[in-house]
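Step one of this worksheet: look at the structure below.
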Amino acid sequence: MAEHKPAWSSRILAAMRASQLFARTLREAPAEAEVASHKLLLRAAHIRKLMAGVYTWLPLGFRTLSKIEAIIREEMNASGAQEIRMPIVVPAEPWKATGRWQTYGEEMFKLKDRHDRELGLGPTQEEVVTPLVAGEFASYRDLPVNLYQIEWKYRDELRPRFGLLRGREFLMKDAYSFDRDVEGLRLSYRAMYEAYERIFDRCGLKYRIVEADPGSIGGDVNHEYMALADVGEDLFVHCENGDYAADVEAAEARAPEHSGVSELEPLTEVSTPDRPGIDAVADLLRLPASRMLKCMLFDAGGRTVATLVPGDREVNEKKVARAMWPAPVRLFEDHEFAERGFVKGYVGPQSMPDDVLVIADRSVGSRGNWVTGANRPDHHVTGANVERDFRVDRWEDVSRVREGDPCPRCGGTLHIGRSIVVGHIYQLGTRYSKPLKATFVDEDGTEQPYQMGCYGIGLSRIVAACAEQFHDEAGLLWPRALAPYEVVVIATNMDQPAVVEAAETLYSQLQGAGLDVVFDDRDVTAGVKFADADLIGYPLHAVVGRRGLESGSADLKLRATGERRQASLSTAAGDIVALLATAP
RNA sequence: CGGGACGUAGCGCAGCUUGGUAGCGCGCAGCGUUCGGGACGCUGAGGUCGCGGGUUCAAAUCCCGCCGUCCCGACCA
């Protein structure tokens, strides 16, 4: 029998009769659903769409969501964080103070009230929590403190897609830590790092922790918790030796050794009519793309930035953005080339104006005699070399890591995988406390900005990620911890009083054993019940029918493994508890 | 925002080319027969054919506009 669960258990104990349950499964998935998780969550009556990227949670899906919520709440509380609830509607002013009103841009839902006051729907709430803490905890003696909430978040996504994976409304746990100094921040961060491991372990997810790009949140050190999934939109690199894993946006590769240039070729202009683009020119000149020098132009808060990478590599815009922080970085728009004296498709670093910042990827330093644009239409140059032919203002890592690149730690081979980001933790430092003038008085009497950290988990995304990781042709395969109900009791012959009675007895015994249980008491054929049980993905199916009754037994099946066994009706409840303990 | 596709009953779709009283499967309701892997028969309910305008004697069908949904792209000079 199950141990007695403490009151704060993540279990949301409940029993339900399928005949009462607000759940109509779909035999066919709506045409709009593309990926497995979306199709199955729809078919299994977990969610229904209201509009693009916005979903209603039906009882089954809501229970799963609630179980994740309970796990997170337990682990957050255990780590010393305190739960609060902040408003979803936020005023524009603090967002303007931190610059995010602009940097979040279109992605933030913005609205106006009747007084024409600008408001937003919170995508995360640093701008709310920071002034809150500053108004309450003004002394170093009050610190540290970590506040969290589990709340609906809003982002007007460029393109909502894949159901719950990229929605415009999603449930998120966001926590914010406030420390006196960097050392304290590291401790708070560490506590969250470990709490997150426990949370994702308990959810049963297959995940990896990777070094990440801070994105529009800002800050320095940060890690992402990535659920492995082929449909994931986020790429991450990992070393074959397991000593390095990072989001591609943040990933570095070991810079190549300087191969040296035996002899500098003269700078020569060549005619390349109608050949913009690396591949076209490389083709024409019969050279590998790696001999080309790619020169991409960015605008960084009004300043022109030219970035140089070998022609066979891509510029990683996020890395450029970090190099130029806090200036907002964006690629040149087509019209800007001519306006600023460049020729799109034929840009090269030679004779760059002084006010243009030239950033070269470190890999550019290892070679010479580049082929690159001649800065006039239909022409390129060969034999371009650093210093003699063009200057480099800064050497940075601005190229995107590729499959097969050497690991920055050990030189091993890097591989690229797909994943869904389900958690992201950041050491923000004073990124928000400074602009919001959120300070405390330190021991020496001076005012100091808080050292902040922030920590997010996408609960609704966990549901989708989990569905993505655990399903088969027949339906979902919920891990026990997240299943809407742990057991379904299927009565195959509702017209036979003996069957109904045995099923009812088992149903109440399982409730007594402290399990979440559904009794499928519907007046439908057994096949329908089996199909629904598989589709919804209850971890354990207990079948009570005329056939088994003759020998006084019930049939048990573990959904995830397909393992079946018979249990005597007199001991079935205990057998189910034991069998369930072996379920994933 | 660019490209593409789609929008007909709750869901999946046909009908549109060639204009003429809107259909199929699933689901739903009733009755009967079934009853351990999405049963069968009979009967029935349910649709402003996304919205607006136009052409026409007549529009789901042709034309224009809008809206919605999904896919691809939105750094590779």
Side-chain angles (χ1 to χ4, degrees), chain A residues 24-35 38-39 42-43 45 48-54 105-106 158-163 166 249 272 275-282 289 292-299 305-321 329-334 336-338 342-349 361 371-375 377 380 398-400 402 474-475 490-496 499 503 520 522-535 541-550 553-555 557 562 564:
Chain A
R24 276 295 103 85
T25 55
L26 271 25
R27 202 180 279 225
E28 292 170 288
E32 69 203 25
E34 196 74 10
V35 298
H38 192 195
K39 285 182 182 166
L42 250 10
R43 284 191 56 212
R48 288 290 179 259
K49 187 176 77 168
L50 178 62
M51 56 178 172
V54 180
E106 302 276 275
L158 209 49
R159 182 145 88 87
R161 63 179 127 183
F162 301 149
R166 184 165 293 282
E249 301 297 356
T272 52
R275 297 274 180 156
I278 295 291
D279 291 342
V281 176
M292 305 275 303
L293 186 61
K294 186 185 289 187
C295 184
M296 305 264 294
L297 299 177
F298 291 87
D299 176 284
V305 176
T307 59
L308 305 177
V309 297
D312 59 336
R313 292 198 162 268
E314 298 178 5
V315 172
N316 183 332
E317 188 173 346
K318 295 270 177 63
K319 288 183 178 178
V320 178
V329 168
R330 59 168 176 80
L331 269 179
F332 258 33
E333 287 167 24
D334 283 1
E336 288 174 301
F337 285 86
F342 296 98
V343 184
K344 183 172 160 70
Y346 300 91
V347 178
D361 186 70
V371 177
T372 189
N375 293 316
H380 282 74
V398 290
S399 67
R400 181 180 291 274
R402 292 181 308 191
I490 294 172
T492 56
N493 314 85
M494 286 305 289
D495 57 336
Q496 305 206 359
V499 169
D520 196 340
R522 292 176 300 169
D523 186 21
V524 297
T525 59
V528 171
K529 296 187 181 188
F530 293 143
D532 274 350
D534 285 343
L535 176 59
H541 306 176
V543 182
V544 177
R546 183 175 42 107
R547 222 162 63 188
L549 212 54
E550 287 166 6
S553 66
D555 296 321
K557 172 182 137 181
R564 291 165 194 268

In whole Å, I'd like the distance from the [atom1] atom of [X] to the [atom2] atom of [N].
X	N	atom1	atom2	result
A/E34	B/rA5	CD	C1'	12 Å
A/R48	B/rG10	CZ	C1'	10 Å
A/Q496	B/rG36	CD	P	9 Å
A/F332	B/rC76	CZ	P	15 Å
A/R27	B/rA39	CZ	P	6 Å
A/R161	B/rA5	CZ	P	19 Å
A/E28	B/rG10	CD	C1'	12 Å
A/D523	B/rG32	CG	C1'	14 Å

What is the nucleic acid contact for [X], judged by heavy atoms within less than 4.0 Å: base, sugar-phosphate only, or nothing?
X	answer
A/G545	base
A/K529	nothing
A/K319	nothing
A/I490	nothing
A/G548	base
A/A29	sugar-phosphate
A/A526	sugar-phosphate
A/R313	base
A/I278	sugar-phosphate

Of the candidate nucleotides [options], which contains the atom at the shortest distance from the side chain of [X]?
X	options	value
A/E32	B/rG38, B/rU69, B/rG36	B/rU69
A/F162	B/rG37, B/rC71, B/rG12	B/rC71
A/D534	B/rG73, B/rG37, B/rU69	B/rG37
A/D495	B/rG37, B/rC35, B/rA39	B/rC35
A/R546	B/rG36, B/rC26, B/rC72	B/rG36
A/L158	B/rG37, B/rG38, B/rA74	B/rA74
A/R564	B/rC72, B/rC75, B/rG37	B/rG37
A/R547	B/rG36, B/rG38, B/rC76	B/rG36
A/R400	B/rC75, B/rC70, B/rG36	B/rC75
A/T25	B/rG37, B/rG38, B/rC75	B/rG38

Residue whose closest nucleotide on RNA chain B lies nearer the 5' end, A/N316 versus A/H541: A/H541

Specify the residue among A/M292 and A/S553 whose closest nucleotide of RNA chain B lies further upstream toward the 5′ end. A/S553

Looking only at side-chain N and O atoms, does A/T492 come under 4.0 Å of OP1 or OP2 in B/rC35? no

To the nearest 0.5 Å, what is the distance between [atom1] on [X] and [atom2] on [Y]?
X	Y	atom1	atom2	value
A/F342	A/N375	CZ	CG	7.0 Å
A/L308	A/L293	CG	CG	5.0 Å
A/K294	A/M292	NZ	CE	9.5 Å
A/H38	A/R161	NE2	CZ	13.5 Å
A/L297	A/L331	CG	CG	9.0 Å
A/S399	A/M296	OG	CE	12.0 Å

Can you tell me the base-pairing partner of [N]? Count Watson-Crick or G-U wobble geometry only, both distances below 3.5 Å, and say none if there is no partner.
N	answer
B/rA5	B/rU69
B/rC35	none
B/rC75	none
B/rA14	none
B/rC57	B/rG20

On a whole-Å scale, what distance lies between the [atom1] atoms belonging to [N] and [M]?
N	M	atom1	result
B/rG10	B/rA5	P	27 Å
B/rU34	B/rG41	P	15 Å
B/rG47	B/rA14	C1'	15 Å
B/rG20	B/rG73	P	40 Å
B/rG53	B/rU48	C1'	16 Å
B/rU21	B/rU61	P	14 Å
B/rG3	B/rC13	P	26 Å
B/rG32	B/rG68	P	49 Å

Is any side-chain heavy atom of [Y] closer than 4.5 Å to one of [X]?
X	Y	result
A/R547	A/N493	no
A/N316	A/E249	yes
A/V305	A/V329	no

